[in-house]
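This report refers to the structure that appears directly beneath it.
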Amino acid sequence: MLDVKLLRENLSSVQKEIARRGIELSLGEFENLDRRRREYLKEVEELRHQKKTISEQIGKLVRDGEKVVEGKKEQVHSLDEKIKSLEVDLKEVEDSLNNFLLTIPNIPHSSVATGKGEEDNPEVKRWGKLPEFSFKAKNHWEIGQELDILDFERGTKIAGSGFTLYKGLGARMEMALISFMLELHTREHKYLEVLPPFIVNRDSMIGTGQLPKFEEDLYKIEEQSYYLIPTAEVPVTNIHRDEILERAELPKYYVSYTPCFRREAGAHGKDTRGIIRQHQFNKVELVKFTAPDDSYRELETLLEDAEDVLKRLELSYRVVSLCSGDLGFSAAKTYDIEAWLPGQNAFREISSCSNFEDFQARRAGIRYREKTKDKPRFVHTLNGSGLAIGRTVVAILENYQQEDGSVIIPPALRPYMGGVERINKQ
RNA sequence: GGAGAGGUACCGAAGUGGUCAUAACGGGCCCGACUCGAAAUCGGGUAGAGGGCUAAUAACUCUCACGUGGGUUCGAAUCCCACCCUCUCCGCCA
């Protein structure tokens, strides 16, 4: 959520910034709602003040033994009527305004390139040498099926399309990657591991920006208005919802493994084969809470922490900076890490690292005090995949495939796989 | 799920219809005094949100805020209803 005051005072420049996303903000609607809200509020507060004053007078009179207070009670009654009707109007305007504010995306950072979509994302860096094969590189789903470690038919039978059954060393590799990443980030990058609920309430979803706008992307448990998390970002960022942190506590680093559930509404027909796009997938997520001045420096180190996973697995990748049109709703700036997939002859997203500045913090009420007596200020929140597990499996299968159909396990991962060095055909 | 108890500031806790919610009392924390320094002691300070007025994130002022939302009443932390959460016991259960 954007600051109402910022919006009020710099309406046209905010509008211009948001326009870079290809979204047009309605100035008139905001100005009208904001103005009416303040008018109603002022009036209601004035009437409440009058009411309070008279009630206090009645209290005094009664205590002094005065009995003739009916006239005063009448005054309060008539004030009450006015107040109640104004409150209805006020609530209506406040709800509209609030809903309007909750659906405005974050302002792109000044370093974000203006562009329409994926094709306009500037490449920031590249790492590693692209592997060369003396044979035709296969897709991960071919490799996975031939090794009998990925079973798409069974996944579909059990749940539906977009769900996969991992078997044998496939399942083992998925779990090994989770352990490997958690250990790397906790031991070497100093993140605190947390294992949160995978189901959250509506307030948490609003806090990080999934709701109210993107309900159709989420799995909902109707009976209780609970939602399955689409990313660990949601429960982990909401750890500190409605809290005031101490300056000395910042920055806070969390790392969390969770499964992620996404309906992928509107993505039909994309990546239908394989495990690139699933309704359920595993992810290790990095989340940071920082002081505002530090957040962009912290974004760079967050990115490096995520990159480190690929470096250790010796997988080639590149980093792109999302352009204004490709930026997510809540993000001010995002780097995507794209791993090289020989089977697809393309770089594909394997991590997304974002700075949300105070956008989520304002929604979720996450604040800190610069000094003991200062007014609380909003923290900045950041997060990034470190990494998406399923896509890492894809990258390993495709990059480490051998001519005989086997797949070599990257050395860094072997300790987490009981020393297995290679997955062979049975 | 059943029965009971309870949710008040950073923590504990008083307040059970009015002039004590910038909320008694105790603790913590911050500043100061004392001290070579510290402890002890003494003094002072310690919530939030949204408006109005402003150049102002200053001063002043108003409203809201006692788990959440309603209701009763001239007036609610206090009475009533619903819901949420915590604790104890019982039941069920991986």
Side-chain angles (χ1 to χ4, degrees), chain A residues 1-10 30-102 195-207 221-227 235 238-250 291-293 358 361-379:
Chain A
M1 190 156 57
L2 300 180
D3 185 356
V4 190
K5 283 179 187 152
L6 175 82
L7 216 49
R8 198 179 288 153
E9 285 155 24
N10 306 291
F30 171 76
E31 278 179 324
N32 181 36
L33 287 171
D34 183 51
R35 182 178 43 74
R36 279 170 61 207
R37 172 177 167 269
R38 282 186 288 166
E39 282 168 5
Y40 283 135
L41 191 59
K42 191 178 169 184
E43 211 171 332
V44 166
E45 288 185 352
E46 169 61 28
L47 292 174
R48 277 186 194 145
H49 179 58
Q50 287 179 27
K51 179 180 162 180
K52 261 178 96 159
T53 309
I54 297 173
S55 287
E56 275 165 26
Q57 286 172 5
I58 293 174
K60 272 192 187 124
L61 290 173
V62 168
R63 226 167 314 105
D64 294 346
E66 183 66 58
K67 289 192 177 117
V68 190
V69 291
E70 290 310 315
K72 297 233 177 247
K73 288 192 186 181
E74 272 312 309
Q75 283 182 40
V76 175
H77 276 304
S78 77
L79 279 173
D80 236 12
E81 272 177 41
K82 284 188 208 161
I83 291 172
K84 282 201 169 133
S85 102
L86 270 172
E87 277 174 344
V88 172
D89 296 336
L90 176 63
K91 177 139 198 329
E92 195 184 307
V93 171
E94 274 185 335
D95 287 350
S96 308
L97 181 65
N98 207 13
N99 200 54
F100 180 76
L101 290 172
L102 285 174
L195 185 62
F198 304 156
I199 290 175
V200 300
N201 59 33
R202 204 178 155 78
D203 286 343
S204 292
M205 285 294 185
I206 289 173
I221 297 168
E222 287 290 345
E223 292 74 16
Q224 308 182 70
S225 290
Y226 282 164
Y227 296 84
N238 277 283
I239 287 174
H240 295 298
R241 172 152 52 86
D242 295 324
E243 288 185 15
I244 300 176
L245 306 170
E246 308 266 347
R247 179 63 180 84
E249 296 178 73
L250 301 176
D293 291 343
D358 64 5
R362 181 171 290 107
R363 287 174 162 244
I366 310 169
R367 298 174 290 172
Y368 80 104
R369 270 184 241 273
E370 190 62 46
K371 294 198 196 80
T372 313
K373 289 188 182 171
D374 283 359
K375 278 213 160 242
R377 301 172 63 192
F378 291 111
V379 302

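Residue numbering restarts at 1 for every chain, and letters A, B, ... go by the order of the sequence lines. Side chains are part of it too, since the values below use all heavy atoms of this structure and drop only hydrogens, waters and symmetry mates.
- Here A:Lys5 does not pair with A:Glu9 in a salt bridge; the nearest charged N to carboxylate O distance is not below 4.0 Å.
- Taken from CG in A:Asn32 to OG in A:Ser96, the straight-line distance is 9.5 Å, to the nearest 0.5 Å.
- Separating the P atom of B:rG67 from that of B:rC74 is a span of 25 Å, rounded to the nearest Å.
- The heavy-atom pair separating A:Asn238 from A:Asp203 by the smallest distance is OD1-O, 4.3 Å.
- B:rC80 and B:rG6 have their P atoms separated by 12 Å, given to the nearest Å.
- Results of the side-chain hydrogen bond (donor to acceptor under 3.5 Å, both in side chains) test with A:Tyr368 over A:Glu243, A:Arg377, A:His240, A:Arg247 single out A:Arg377 as the only residue that passes.
- Residue contacts shown for A:Arg377 are absent, as no nucleic acid heavy atom lies under 4.0 Å away.
- Using the Watson-Crick or G-U wobble rule with both distances under 3.5 Å, B:rU73 pairs with nothing in any strand shown.
- Classified by its glycosidic torsion, B:rC20 falls in the syn category, the angle being within 90° of 0.
- Taking the C1' atom of each, B:rC10 and B:rG45 are spaced 15 Å apart, rounded to whole Å.
- Contact check for A:Leu250 versus A:Val379: side-chain heavy atoms found under the 4.5 Å cut-off.
- To the nearest whole angstrom, the two P atoms, one in B:rG12 and one in B:rG75, are 33 Å apart.
- Applying the Watson-Crick and G-U wobble criteria (two distances, each under 3.5 Å), B:rA82 pairs with B:rU68.
- Paired with A:Asp80 under the rule side-chain hydrogen bond (donor to acceptor under 3.5 Å, both in side chains), one option of A:Arg48, A:Lys51, A:Gln75 passes, and it is A:Lys51.
- Mapping A:Pro376 and A:Gln50 onto RNA chain B via the closest heavy atom, the residue that lands nearer the 5' end is A:Pro376.
- Taking the C1' atom of each, B:rU8 and B:rA65 are spaced 11 Å apart, rounded to whole Å.
- In this structure, B:rC60 forms a base pair with B:rG52, meeting either the Watson-Crick or the G-U wobble geometry with both donor-acceptor distances under 3.5 Å.
- Looking at A:Asp89 and A:Arg36, their side chains never come closer than 4.5 Å, going by heavy atoms from C-beta outward.
- In this structure, B:rC89 forms a base pair with B:rG2, meeting either the Watson-Crick or the G-U wobble geometry with both donor-acceptor distances under 3.5 Å.
- For the C1' atom pair drawn from B:rC20 and B:rA14, the interatomic distance equals 12 Å after rounding to whole Å.
- Note on A:Arg8: only backbone sugar-phosphate atoms sit closer than 4.0 angstrom, heavy atoms only; bases stay farther off.
- Taking atom P in both B:rU68 and B:rG7, the straight-line distance is 13 Å, to the nearest Å.
- Interatomic distance, CZ of A:Arg38 versus NZ of A:Lys42, reported as 10.5 Å (0.5 Å rounding).
- Within the 4.5 Å cutoff, the side chain of A:Asp3 has no heavy atoms near those of the A:Phe378 side chain.
- Chain A approaches RNA chain B within less than 4.0 angstrom (heavy atoms of the protein), and the contacting nucleotides run 5' to 3' from B:rG18 to B:rG75.
- Heavy-atom distances to RNA chain B give each of A:Glu56 and A:Glu46 a nearest nucleotide, and the one nearer the 5′ end belongs to A:Glu56.
- Atom name P, nucleotides B:rC11 and B:rU72: the rounded distance is 34 Å, in whole Å.
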- prompt: Does the side chain to side chain contact (heavy atoms under 4.5 Å, CB included) test come out yes or no for A:Phe30 and A:Leu97, once each step is laid out?
  reply: CA-CA 7 Å; A:Phe30 171 76; A:Leu97 181 65; 3.9 Å; yes
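- Base pairing of B:rA9 is not made with any nucleotide, judged by Watson-Crick or G-U wobble geometry with both donor-acceptor distances under 3.5 Å.
- Contacts between residues 33-45 of chain A and RNA chain B, defined by a heavy-atom separation under 4.0 Å, are made by A:Arg37, A:Arg38, A:Leu41, A:Glu45.
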